[in-house]
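Working notes, beginning with the structure itself.
For the single chain, residues carry numbers from 1 onward in sequence order. Only heavy atoms go into these numbers, but all of them, side chains included; no hydrogens, no water, no symmetry mates. Quantities reported herein were computed from a predicted structural model and do not represent experimental measurements.
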Amino acid sequence: MDTTVKALDTNGPATAATLVATDLQPFLHDAVVTLYAPSFVISRPDGQLDGGADGFYHGDNRALSHLTVTAGSIALAPVVGGLRGADRADFRAILRGLGEVTPDPAVALNRRRTVASGRLEESFEVTNAGTQRVGFRLTVTAGTDLAPMERVKTGHAPDPVPAREEGGAGPGGSGLAWSRDGFAVRLVSEPAPDALEAPEGRLSFDVELAPGASWTATLRCTAAHADGDQFPAAPADAVPWRTPALRSADRRFDQWLDQSVADADRLRLVDPRTAEGAGGVDQFLAAGAPWFLTLFGRDSLWAARMLLPLGTELAAGTLRTLARRQGAVADPDTEEQPGKILHEVRRSTQNFNEAFAVPPVYYGTVDATPLWITLLHDSWRWGLAPEQVEQLLPHTESALAWIRDQAAEADDGFLRYVDRTGRGLANQGWKDSGDAIRHRDGRLADPPIALCEVQAYAYEAARGGAALLRAFGRPGADVWEEWAEGLATRFRKRFWVEDARGAYPAVALDRDGRPVDSVTSGFGHLLGTGLLNQEESAALAARLTGPDLDSGHGLRTLSSDSVGFNPYGYHIGSIWPHDTAIAVHGLVRAGFPDAAASLAAGLLTASAGFAGRLPELFAGHGAEAGPRPAPYPASCRPQAWAAASSVLVLRSALGLDADVPGGTVTVAPAFAGAYAPLTVTGLQVGGARLDIALAADGTVNTTAPEGLTVVST
């Protein structure tokens, strides 16, 4: 994943006895998150911003840590609250006892929230539906610590910064302000408060309401860095994909897709280095809120790849954004190497503790480079313009060279990683927490480590890179195809192990070349890549649908039969939606649609448990423990690849694939019949619209772009 501080990564091999409250990452499972990257708001279910990770954030800094409303001694009783889209939320409460002459509530508060880039707006509307005139003092208290994100994440937020009163023209006149180290925050109100108290940060309003009357105040908070946004918000009217509309027999699927696409829309950021005259800004998806609202190589690549059925523009922007930052030199401090694709970009160094710090531009990832090549190949097949593909081929050759050189460094020819800085990520695949890669008996693997799925990524990248080189008349295609076959042969010889249930690939090889023999969800990443033969794929399909991995809500990252399994373990028993979706797609590609259908059904059930907004991960208890999945309390939500998973599952259900250079689009429903009748409109292939309808009797009707032949198998 894209985490930079989790479990052992943050605190070392800590025990409960060594952890205190200030060491603990804040929980988010009951939070309401409104988002407009690079800004977002985290609040309690009642709308209050009041401790923990709560706050209004902009560009990896907390602009407000508190924003609470009280009504003197009158109790506010929350009634209902939640999202109204990705960037809006409403919260309703009753002012208990005020103006009441019957058991019915009389006076209500409706709090409406809207977030935009660098801007939070909170509207407070009080209505009197009773028969008596009422009066009270409503007080809003605002405060901030202006904390950098890594301080919030580790539970070590700094002391509050006192507010100062600041005058100004326009609505609200004077207001409250805070600033430090070039980060400035201002809060104003319309109408102006009857009392303004700084440095306490209190704005008080004397409210008088006749029967049937209402009163409204609107607070606006702005936040900005003196040197501007590192990655600005994308233009609202320049969405780099078609917005699909799904109507199926299972409304949970429809809701999941709708919410996911809305969340992806608000995760869009732009690369300020976009070349002039490029025909628009290059966009990518930030990894997720709150911890990872920036550019991540692996996450942004996977999300763009999953969203290819909606168009290639996001993929192109993601590829170019990362290509501009592709490694050019060998830098041991950042782990940059020529040809390597980066892990993450931040505004400044993240100092988590004395043993763990990440530089602003960090290259500590083993898989982003092959994933970049595969995204370019897949984008080409989905219709990315040839001239755009050709412009990126020099970067492809550099990335391929990095894969070759890294594999050649190891005696066994596998792609490995090791943290050479001593202060970076111990594990550098997507399961990058410090305890993620372990043997069947629970022992942690010793680095350098060769992950099974990374070899599959490298194989697929070599094959895809060869196809691109051949199609565009560049040398080296035959060499890379031979390299890929050699890798497959080595993998078959070294990775496969056996237990009582049969043969399976180890999750990794350790420093000494020994198989790290735990049973994990990593099997799903191997399927459909070409690395496995049919017999091997069948063995993995059977393992993936076993009850130790298939929880009924998605795939567990580690088998429940394993030593060290923890349903709340970040990568050792939890469920990640993107991980399950990748397995669903791999199973369909490998010819096992029934196994894919089972995993997809579990993920769909889980989506309903989270109101369509699947989190980064959730607990791996499984359906037997209850119909609703338990949250992983510190999970990001929304998360780019969790949101994009809905599109990949839909694509898998439809058996949808594209080969625009070859003039075909394939629609061969794999398990979509479970959701029929089904109609999806607004997909995109070859830059034009694609609509698909599946009748209850299995009849398929496809409206495809002119010049493409629909293939049904």
Between [Y] and [X], is there a salt bridge with N-O shorter than 4.0 Å?
X      : Y      : answer
Arg252 : Asp250 : yes
Arg347 : Asp227 : yes
Glu460 : Arg305 : yes
Arg251 : Asp254 : yes
Asp271 : Arg320 : no

Keeping [X] on the side-chain end and [Y] on the backbone end, is there a donor-acceptor pair under 3.5 Å?
X      : Y      : answer
Asp691 : Gly682 : yes
Lys153 : Phe352 : no
Glu616 : Cys636 : yes
Ser574 : Gly569 : yes
Ser607 : Leu604 : yes
Trp241 : Glu313 : no
Asp550 : Leu544 : no
Gln388 : Ala316 : no
Tyr675 : Ala653 : no
Arg266 : Phe40  : no

So Phe618 and His553, would you call those rings parallel, tilted or perpendicular, with 30° and 60° as cut-offs?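 Perpendicular.
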Does the plane of the ring in Phe292 sit parallel, tilted or perpendicular to the ring in Phe296? Use 30° and 60° as the thresholds.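 Correct class here is perpendicular.
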Would you say the rings of Tyr570 and Trp576 are close, in the sense that their centroids are separated by under 6.0 Å?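 Trp576 vs Tyr570: aromatic centres under 6.0 Å.
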Would you check if the distance from the ring center of His225 to the ring center of Phe183 is below 6.0 Å?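 Yes.
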For residues [X] and [Y], is any side-chain donor paired with an opposing acceptor at under 3.5 Å?
X      : Y      : answer
Gln259 : Asp263 : yes
Gln337 : Trp402 : yes
Asp435 : His571 : no
Glu344 : Gln350 : yes
Thr365 : Arg298 : yes
Ser645 : His578 : no

Partners passing side-chain contact (heavy atoms from CB on, under 4.5 Å) against Val270 (at least two apart in sequence or in another chain):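 Checked Val270 against side-chain contact (heavy atoms from CB on, under 4.5 Å); matches are Pro232, Ala234, Pro235, Val281, Gln283.
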Search all heavy atoms of [X] against all heavy atoms of [Y] and return the closest pair with its distance.
X      : Y      : result
Tyr36  : Asp87  : CD1-OD2, 3.9 Å
Ser248 : Phe253 : OG-CB, 3.9 Å
Val649 : Trp256 : CG2-CH2, 3.9 Å
Asp419 : Gly424 : OD2-N, 3.1 Å
Glu150 : Thr349 : OE2-O, 3.8 Å
Ala264 : Leu285 : O-CD2, 3.4 Å

Any side-chain heavy-atom pair from [X] and [Y] closer than 4.5 angstrom?
X      : Y      : value
Arg381 : Val660 : no
Leu28  : Arg637 : no
Val239 : Arg268 : yes

Kindly compute the distance separating [atom1] ([X]) from [atom2] ([Y]), expressed to the nearest 0.5 Å.
X      : Y      : atom1 : atom2 : value
Asp378 : Leu384 : CG    : CG    : 11.5 Å
His621 : Ser551 : NE2   : OG    : 10.5 Å
Thr243 : Leu257 : OG1   : CG    : 9.5 Å

Could you please spell out the steps behind the side-chain contact (heavy atoms from CB on, under 4.5 Å) verdict for Leu400 and Ile373? CA-CA 8 Å; Leu400 286 167; Ile373 298 168; 3.7 Å; yes
